[in-house]
Engineer: 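Sharing a structure, written as structure tokens. Questions coming.
No hydrogens, no waters, no symmetry mates; every other heavy atom, side chains included, goes into these values. The structure displayed is predicted, hence computed values, not measured ones.
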Amino acid sequence: MGICGMSGIGKTTLAQAVFKRIRSQFQASSFLNNVRMEHEKHGLATLQQQLLIDMKLKSEKDKAYVCTGIDETIKRLRYKKVLLVLDDVDNIVQLKTLAGNHNWFGSGSRIIITTKHRQLLKIHGVQNVYMAEKLNECDALQLFCQEAFHKPHCEKGLLDLCEGFISYADGHPLALTVLGSSLLGKERKLWESAWDRLKEFPDKVIQNTLQISFDALGDTEKKLFLDIACFFNGEEKKRVADILEGSGCYPKIDMENLIDKSLITILERKLWIHDLLQRVGWEIIRCQSPQNPGERSRLWLCDDVFKVLMDNTGTASVEGMMLNSYPHQQECLKPEAFSMMTNLRLLRIYNVHLPLGLSYLSNELHLMEWYEYPLRSIPRGFQPVKLVELIMPRSRFEQLPMGFTNLKTLKLLDLSDSRNLILTPDFTGFPNLEKLILQGCTRLEKVDPSVGALERLILLNLRDCKCLRSFPHEINLKSLEILILSGCSRLKNFPEIGQNMIYLSKLYLDGTAIEELPSSIEHLTNLALLNLRDCKSLLSFPRVLFGLASLKSLILSGCRCQPTKSGHPLGLSPILSPIDVRLNFVQLISFSVLYYLILPNTYLRILTCVALILWTHFSCVARQHESKPINLLLPRSFSGLSSVVSLDLSDCNLLDGAFPDDLSCLSSLQSLNLSRNGFICLPNSISQLSKLKFLCLDNCTKLKSLQNLPISTQLVMARECTSLENYSGQVVVWTSGEAGFTFINCLSLADDEECKVGEVFLLDSQVRPLWQRYMEEKIHQSQGLQSILPQTEIPKWFSHQKYGSSVLIRIPSDLYENSSWKGIVLCAIFVVHKDLISSISPSQDPYFHKFKLRLDMDGGLVDCPQVFNIPKDRFHAGSFGLWLYLSHERFRDNLDERNCISPSITTHSPDVEIKACGARLLYDTDMAEFVQNLSENNFRISEDLLHQGHENSWNVI
């Protein structure tokens, strides 16, 4: 078997412990320590000889030869049950020479190999590989204290500093040992001084040990490792590979080599590097020129970047300059600030002013991220033909400069919120473009027809381009997956769809002036989400949607179609006087009699009176017609929409009789939003929705009854339904139906915001058992649940609490046998800082806060780390609680003799800070209290829930 992991993680220690425990069970044994180093110093023959000597099969006086050593090893060990440990192997030749294959050793033998190179184990056919993990918080504290105090716990007055050193070591055993032993017997002032120094300069022993792995890398692997350590930790693997391709390394193969050598890991398609290894990379860069940052290859700290730019001390050595945080104040740069950095490949900068312009930028750039670029042009001669990503939000460009017009390798173009942009470029110069983001370009009036040539385009985002009127007549982008035209309020015509657009899955047309969808939309065979919210000009339900077999979510909220200003129900266009004249019946008769008496000709008298009456009638009708919107005309049948799971028809001015008699075609529908409509009764056909779980009727002020609800319904939101008979202002529970009960919220919005739902719910002795039974069933059925809600502190119910991103849970010795144990409940308080939102880099996910949950048990990773995406539009500023339930099924079999579990929740979103964590082991006897906490803290379900079709406010994970 193999034990694999980074340097200092404890591979050798683990192998030694196993060796000592089981060596007595074998006829012969050998522990070959530091194979890599011994091979370099003395050769393989010496190692072969040592193996046979350890197993008492050879004298130390015998000469050793590699060629004869293999035959001799096989001959002497073939019939013996042996235990062999090969420690720190780094070359396949070492394995072939010392442990060629299974036939070398007798039955029952065990060979243990420790290495940093996972690929070596694969090549040699080692199937059982254990990945050594960092220590959990409990063991890390114990190891550190054992070294620092010679006892397993921290001395008084030093706990805060202990936690700092332990956090720095990040569970790395070697670092904990070195740091702890260096502080043995020292007073607090020296501890503080050591901590301050460590934040600036890494410990040499740790640095040198970990740097051994770096020094063994090839040149291109070293370059990639340093780029990841300085700029791309936590970034998507594909994005990094695209950016760095052709920049002096071979990212695809080099990434695999770094993974095999335990220097980086991949989680959720993102690159991650251990904190200590990242600091190794930082220190390697610092040592390139300790006193002059301008002579280092990579710059990422604000102070270093702006010192180089302000003093114009940059050199050709600088390959990357990427700010890792938003500068506190705007800096003014000279035109020649970048003039000496001729090899600059990577640039990320913001909040700078160029009062005298800019004279130079490197043509070697692969990535250019410049926020609020202050100029209308780029330097003369700047033609970055190697650009992969051009990210310039809030720039002052009116059109893309000529230097950016022929970029064959460009994959991302982001000019979002560039309010001066009037024209888009000729896209034929960007044949490999995958993402085009022009959202918020409020002066942009048209998109160049050449956009149709972008065969690799995946995302096209034109959100809030409010002046956009013209779009290509036809689009046939065969790779397009997401098209966003939200808020393009002057766009009236949606283009024809070509037959090749089979990958488009999300189409956002909300807030546009589109009147109808083309019949060619049937070509979107993979479309899952269509958003037509607030399309005021849409006259009727788009029948062309009936053929979309993949459609899951359809949003038509706010489609209250307005009549045209010149149109009229009778086809007439009355000419209205500029004077607002309102005539009642008596006034109309008086005027008619007056005209009849004044005009001399009888025929003229009659004609004038008739004209007066018609003019008055049509004026009144037109006035009424303009004041009231037309309701959205629904089809007679929803046949063809059997795949739709979520349907939003809120605020469509739907009246009684608007719904078709047959709704059974919506056989997959789980969520239906009918809020802010004018019907008095629910349609009889709603009972045909056999899978409906959520129904929203908020602000249906004319609704009088809740008849015909499907038996599958679990939740009805009927807030502000002021005409609702019997239930208005109440929380009602029906105990019939497939779910066991149907919960109906008929409170006012104000009461609901004050959490009176939970109060009523808990006080109702009949409701409480039903809700508890329902939640218990959900807990039994799922292996995990999550929820997020506004929250500033962890409830006292959580028995284990701690400030920071992790918490320690001690495991009772009988937990494995305890059948009443259900799992673990966690709560993490996190704060989204409003003042940092505007500084978020586009390299960060623009739509989600990313959280990662790790669950360690005595140093072993129990489960694959879970990654949670929290939508930024719903949780954009303030303090929130992330609640997680984890079933015991995920880790019960890993308990063994472990004595603690350490969950940790981390995030790489720069605007998010995790303040505290709480945890509790959940037993059957705790279930009532658990459900009560859920009701008190989590019984608020927003409208967004209904759009998404979730089963409840807790999402299955």
Side-chain angles (χ1 to χ4, degrees), residues 231 243 247 292-407 409-410 412-423 425 429 441 839 841-843:
F231 303 135
I243 292 173
S247 64
N292 185 5
E295 294 182 356
R296 300 173 192 168
S297 63
R298 294 158 182 85
L299 302 172
W300 62 93
L301 299 175
C302 275
D303 290 345
D304 290 342
V305 168
F306 284 109
K307 175 179 175 56
V308 170
L309 292 177
M310 299 287 287
D311 298 344
N312 194 23
T313 56
T315 66
S317 299
V318 180
E319 298 181 31
M321 178 181 286
M322 297 178 65
L323 290 178
N324 58 6
S325 61
Y326 199 81
H328 299 297
Q329 62 184 21
Q330 189 177 70
E331 301 288 353
C332 291
L333 304 183
K334 299 176 182 178
E336 58 276 8
F338 295 91
S339 59
M340 301 302 293
M341 290 181 273
T342 55
N343 293 315
L344 190 64
R345 299 179 291 118
L346 308 168
L347 175 63
R348 179 193 294 147
I349 193 168
Y350 22 48
N351 205 26
V352 298
H353 186 48
L354 297 167
L356 300 178
L358 184 63
S359 61
Y360 176 83
L361 280 173
S362 170
N363 286 331
E364 298 298 315
L365 282 173
H366 284 235
L367 169 65
M368 182 172 178
E369 282 187 54
W370 195 316
Y371 302 83
E372 298 180 274
Y373 182 74
L375 307 177
R376 297 181 183 272
S377 62
I378 58 176
R380 183 177 301 176
F382 178 47
Q383 294 183 331
V385 294
K386 299 179 182 180
L387 263 184
V388 178
E389 292 191 359
L390 177 59
I391 303 171
M392 302 185 74
R394 300 185 291 278
S395 70
R396 298 187 65 188
F397 295 143
E398 293 185 357
Q399 63 183 42
L400 206 60
M402 289 297 296
F404 291 140
T405 55
N406 189 24
L407 305 177
T409 59
L410 191 69
L412 169 62
L413 175 58
D414 182 356
L415 298 175
S416 54
D417 298 312
S418 296
R419 302 185 184 278
N420 293 328
L421 193 70
I422 299 174
L423 299 174
C441 296
S839 66
S841 161
S843 62

Engineer: Which heavy atom in Met322 sits nearest to a heavy atom in Leu346, and how many Å separate them?
Structural biologist: SD-CB, 3.7 Å
Engineer: Return the set of residues passing side-chain hydrogen bond (donor to acceptor under 3.5 Å, both in side chains) with Asn292 (not counting sequence neighbours), or none when no residue passes.
Structural biologist: Glu295
Engineer: Which heavy-atom pair separates Gly294 from Thr315 by the least distance, and what is that distance?
Structural biologist: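 Heavy atoms only, the tightest pair is O-OG1, 2.7 Å.
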Engineer: So which atom in Asn406 and which in Val385 form the shortest heavy-atom distance, rounded to 0.1 Å?
Structural biologist: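 What the structure gives for the nearest pair is O-CG1, 4.2 Å.
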Engineer: How close do Leu333 and Ala337 get, counting heavy atoms only, and between which atoms?
Structural biologist: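 So the minimum-distance heavy-atom pair works out to CB-CB, 4.2 Å.
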Engineer: If you take all heavy atoms of Val352 and Phe306, which pair is closest and at what distance?
Structural biologist: CG1-CE2, 3.5 Å
Engineer: Would a 4.5 Å heavy-atom cut-off, applied to side chains only, mark Ser418 and Cys441 as touching?
Structural biologist: yes
Engineer: By side-chain contact (heavy atoms from CB on, under 4.5 Å), which residues pair with Ser377, not counting sequence neighbours?
Structural biologist: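 Residues passing side-chain contact (heavy atoms from CB on, under 4.5 Å) with Ser377: none at all.
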Engineer: For Asp304, give me all partners under side-chain hydrogen bond (donor to acceptor under 3.5 Å, both in side chains), at least two apart in sequence or on another chain.
Structural biologist: Arg296
Engineer: Does the side chain of Asn351 come within less than 4.5 Å of Leu323's, by heavy atoms?
Structural biologist: no
Engineer: So how far is it from Leu299 CG to Met321 CE, rounded to the nearest 0.5 Å?
Structural biologist: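 Going from the CG atom of Leu299 to the CE atom of Met321 covers 5.0 Å.
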Engineer: Any idea which heavy atoms bring Gln383 and Asn363 closest together, and the distance?
Structural biologist: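 For Gln383 and Asn363, the tightest heavy-atom pair comes out as N-OD1, 2.7 Å.
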Engineer: Are the side chain of Thr409 and the backbone of Leu387 linked by a donor-acceptor contact shorter than 3.5 Å?
Structural biologist: yes
Engineer: Sequence neighbours left out, what pairs pass ring pair (Phe, Tyr, Trp, His ring centres under 6.0 Å) with at least one residue falling in residues 374-394?
Structural biologist: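 Listed once each, the pairs are Phe382-Phe404.
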Engineer: Restricting to side-chain hydrogen bond (donor to acceptor under 3.5 Å, both in side chains), what partner residues turn up for Arg376, sequence neighbours left out?
Structural biologist: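 For Arg376, the residues satisfying side-chain hydrogen bond (donor to acceptor under 3.5 Å, both in side chains) (neighbours in sequence not counted) are Glu398.
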Engineer: Drop me the distance from Leu375's CG to Leu358's CG, to the nearest 0.5 angstrom.
Structural biologist: 6.5 Å
Engineer: With rounding to the nearest 0.5 angstrom, report the CG to OG distance, Leu361 to Ser339.
Structural biologist: 10.0 Å
Engineer: Working to the nearest 0.5 angstrom, can you tell me the gap between Glu369 CD and Leu347 CG?
Structural biologist: 8.5 Å
Engineer: Listed by chain and number, what are the side-chain hydrogen bond (donor to acceptor under 3.5 Å, both in side chains) partners of Ser362, not counting sequence neighbours?
Structural biologist: none
Engineer: Could you list the residues that satisfy ring-ring contact (aromatic ring centres under 6.0 Å, His included) with Phe397, not counting sequence neighbours?
Structural biologist: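 By the ring-ring contact (aromatic ring centres under 6.0 Å, His included) rule, Phe397 matches Tyr373.
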Engineer: Run the side-chain contact (heavy atoms from CB on, under 4.5 Å) test against Thr342 and tell me which residues pass, sequence neighbours left out.
Structural biologist: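 For Thr342, the residues satisfying side-chain contact (heavy atoms from CB on, under 4.5 Å) (neighbours in sequence not counted) are Ala316, Tyr360.
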Engineer: Applying salt bridge (charged side-chain N to carboxylate O under 4.0 Å, His left out), which residue pairs with at least one partner in residues 378-387 are found, sequence neighbours left out?
Structural biologist: Glu364-Lys386
Engineer: Could you give all pairs that pass the salt bridge (charged side-chain N to carboxylate O under 4.0 Å, His left out) test and reach residues 311-323, with sequence neighbours left out?
Structural biologist: Lys223-Glu319, Lys307-Asp311, Glu319-Arg345
Engineer: Leu390 and side chain to side chain contact (heavy atoms under 4.5 Å, CB included): which partner among Leu412, Leu410, Asp414?
Structural biologist: Leu410
Engineer: Output, in order, the C-alpha distance, side-chain angles, deciding distance and verdict of side chain to side chain contact (heavy atoms under 4.5 Å, CB included) for Leu309 and Ile349.
Structural biologist: CA-CA 11 Å; Leu309 292 177; Ile349 193 168; 3.5 Å; yes
Engineer: Is atom CE of Met392 surrounded by more than 12 heavy atoms (other residues, nucleotides or ligands) closer than 6.0 Å?
Structural biologist: yes
Engineer: For residues Met340 and Val308, determine if any side-chain heavy atom of one lies less than 4.5 Å from a side-chain heavy atom of the other.
Structural biologist: no
Engineer: What's the spacing between Glu389 CD and Leu365 CG if we round to 0.5 Å?
Structural biologist: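 The CG atom of Leu365 is 12.5 Å from CD of Glu389, to the nearest 0.5 Å.
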Engineer: Is any side-chain heavy atom of Phe231 closer than 4.5 Å to a side-chain heavy atom of Ile243?
Structural biologist: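 Phe231 vs Ile243: side chains apart.
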Engineer: Drop me the distance from Lys334's NZ to Asn312's CG, to the nearest 0.5 angstrom.
Structural biologist: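 Separation between the atoms: 7.0 Å.
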